[in-house]
Amino acid sequence: MPEGKSLHIYNTLTRKKEVFKPLNPPFVGLYVCGPTVYSDVHLGNIRSNLTFDIVYRYLTYLKYNVRYVRNITDVGHLLDNDEGDDKIEKRARLEKIEPMEIVQKYTNNFHVVTQLFNLINPSIEPTATGHIVEQIEMVQRILDNNLAYEINGSVYFDVKKYSGEHNYGELSGRKLDELLEQTRDELEGGDEKKYFADFAIWKKASEETIMKWDSPWGLGVPGWHLECSVMSTKYLGQRFDIHGGGMDLKFPHHECEIAQSIGADGVNPVKYWMHNNMLTVNGTKMSKSLGNSFLPLELISGDHPSLEQGYSPMTVRFFMLQAHYRSTLDFSNEALQAAEKGLKKLMTTITTLNKLESSEKSSVNISFLIKKCKESMNDDFNTPITIAHLFDGVKIINSINDDKESISAKDLENLQDHYNTFVFEILGLKIEHVNSSNDKLANALMDVIINIRNQSKEKKDWETADLIRNELKRLNISINDGKDSSTWSYEE
RNA sequence: GGUUCCGUGGCCGAGCGGCUAGGCAGUGCUCUGCAAAAGCAUCUACAGCGGUUCGAAUCCGCUCGGAACCUCCA
């Protein structure tokens, strides 16, 4: 554990920051709602996964043994049209291929994108279709406890009965009678449900439905909240430490998960609920249905009407980390460009740091800087503050490099270790644009060219020197003249 | 309509009773044959009006403006 204040996490359930105390240290169970694989992941999914990527990385840094479970929803995300229709099947009909082809296609897409953004793979990535048996069993347990009822081959969770003994709405802060008032009008259209807030945990499948399974209630599909309850229980136990997801899942999805778990096993499943906030564009939520979202690959290529240029995955990652996960984050070209330059500055400084020379003693306070970084991460994973501290260090490192300050060998080692740990392991940034260094031929050729140019410069033949520089510029190679030597790099 | 949240300098975005946030842009400077890059320094704030307090961006009230959830979305 780091010295100073220990890790605090904002718990949605209690609406305050709490000291993080795992149920069974050093083990930590982390469950995150993964994507429904019926179309390309969009940037909002990335922010959510990034949030919990940081949680996973930091807990691991704190020496916890984390089991990180993130599901793939490949069935059961029912559309609200009473046809037993689900998103994946709808898409399959649209693309005229098998539902499982849709699932595979977009699961692959998701994995490509998570790799791009350097998101660590979960310990277990279970699928809903792989846990149909367990889902049926859970439905049965809820039925056995008289908290669900069967009608026409579908099974509904009995919210009214459940709320007699338990607090339905404890997570989202909703009250049933308030909800009722708001939905009364829509209740008229003869529904199978006995009560407006009841939700399907097993839904009868129509004739045409391709993906369906046999159950004690006939052919059908699992309800759309059920898989998370089932898979978290199976892999993390009836009660586990952290459950994460986007704020828009708080209600009804996560509320229903709690009800199902209590309904089936009598255990409130989660100790700490964490919810990340939304990405916005011009102040409005970025969402698929509003059509204002970018696909990750569009963002990288810049191939989108509202993008002025492409942005690298690490630029986007850094950009997102400059805002706290519980705040909304607004997307704009200006903000992205700022992040791009900021990241470059940070990375350049790390190169400087790794080449720094030590002195007899330090004139700078390294341990203070390191302590501040840990404190900010301990404060509910406050990455923007951590980054601000890292930039304070940038000034220190450059001052040492300019011989305005000095650093001892031991401090230097600590500082290098600190930056490598925080920037690469905890924030999960990585150096992009692998430069010339791997390309031996290019390096050798450039050495020759730079040598020739240096000779021209010595003769004050500026015309030739400039010609070489300009011609290389056309090949996207830039020459930077330093004090004693010239360096070169590929332009992005 | 109900519930919840937010309004910080040119832009993004922290802080949430007293102490420089940070990044980008701007300005000045250093380096330099020139350029570029880089570095250093520095200027713009807390939606409005009241209140609590020795002291408020930070707490309370009201007003104005915006958002999210209540239906699938991370």
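For the numbers below, each heavy atom of this structure counts, side chains included, while hydrogens, waters and symmetry mates do not. Predicted, not measured: the structure shown is a model, and the values here were computed from it. Order of the sequence lines fixes the chain letters, A, B, ..., with proteins taken first and strands second; residue numbering starts at 1 for each chain.
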Polar pair under 3.5 Å, donor/acceptor by atom type, side chain A:R469, base B:rC34:
yes
Determine the interplanar angle of the A:H254 and A:W273 rings, folded into 0 to 90°, and report it as parallel if under 30°, tilted if 30 to 60°, perpendicular if over 60°.
tilted
As a test of reading the structure: which of B:rA21, B:rG33, B:rA74 is closest to the side chain of A:A465, going by heavy atoms?
B:rG33
Can A:R70 be said to sit on top of A:F52's aromatic six-ring, NZ or CZ under 6.0 Å from centre and within 45° of the ring axis?
no
Tell me which of A:R453 and A:G342 sits closer to the 5' end of RNA chain B, going by the nucleotide each one is nearest to.
A:G342
Identify whether any heavy atom of A:T284 sits under 4.0 Å from a base atom; if not, whether one sits that close to sugar-phosphate; answer base, sugar-phosphate or nothing.
sugar-phosphate
Looking at the side chain of A:K457, which of B:rA74, B:rG33, B:rA25 is the nearest nucleotide?
B:rG33
Specify whether A:F319 and A:F331 have parallel, tilted or perpendicular ring planes, treating 30° as the upper limit for parallel and 60° as the lower limit for perpendicular.
perpendicular
Watson-Crick or G-U wobble mate for B:rA14, both contacts under 3.5 Å
none
For B:rC40 and A:N398 - does any side-chain N or O of the residue sit under 4.0 Å from the phosphate oxygens OP1/OP2?
yes
Please state the C1' separation for the pair B:rG28 and B:rA14 - nearest whole angstrom.
27 Å
Among B:rA41, B:rA25, B:rG33, the one nearest A:K395 by side-chain distance
B:rA41
B:rC34 base / A:D481 side chain donor-acceptor hit below 3.5 Å
yes
Give me the ring orientation class for A:H304 and A:F294: parallel if the planes are under 30° apart, tilted from 30 to 60°, perpendicular past 60°.
perpendicular
Could you please spell out the steps behind the side chain to side chain contact (heavy atoms under 4.5 Å, CB included) verdict for A:F381 and A:I9?
CA-CA 8 Å; A:F381 310 97; A:I9 294 181; 3.8 Å; yes
For the side chain of A:F391, counting heavy atoms from C-beta on, which of B:rG23, B:rA21, B:rA74 is nearest?
B:rG23
Can a side chain N or O of A:K345 be found less than 4.0 Å away from OP1 or OP2 on B:rA37?
no
Pairing of A:D481 and A:K457 as salt bridge, 4.0 angstrom limit:
yes
Any base atoms under 4.0 Å from A:L346, or only sugar-phosphate, or nothing? Heavy atoms, all strands.
nothing
Let's test this: given Watson-Crick or G-U wobble pairing with both distances under 3.5 Å, identify the partner of B:rC5.
B:rG66
Produce a footprint string for nucleotides 8-19 of chain B: one letter per nucleotide, 5' end first; B if the base is under 4.0 Å from any protein heavy atom, S if only the sugar-phosphate is, - if neither.
---SSSSS----
Specify the separation, in whole Å, of atom OH of A:Y168 and atom C1' of B:rC70.
11 Å
Paired with A:E340, the side-chain contact (heavy atoms from CB on, under 4.5 Å) test is passed by just one of A:K345, A:Q309, A:M314, namely A:Q309
Counting only side-chain nitrogens and oxygens, does A:N480 get under 4.0 Å of the OP1 or OP2 atom of B:rA37?
no
Please figure out whether A:V394 or A:R47 has its closest RNA chain B nucleotide nearer the 5' end.
A:V394
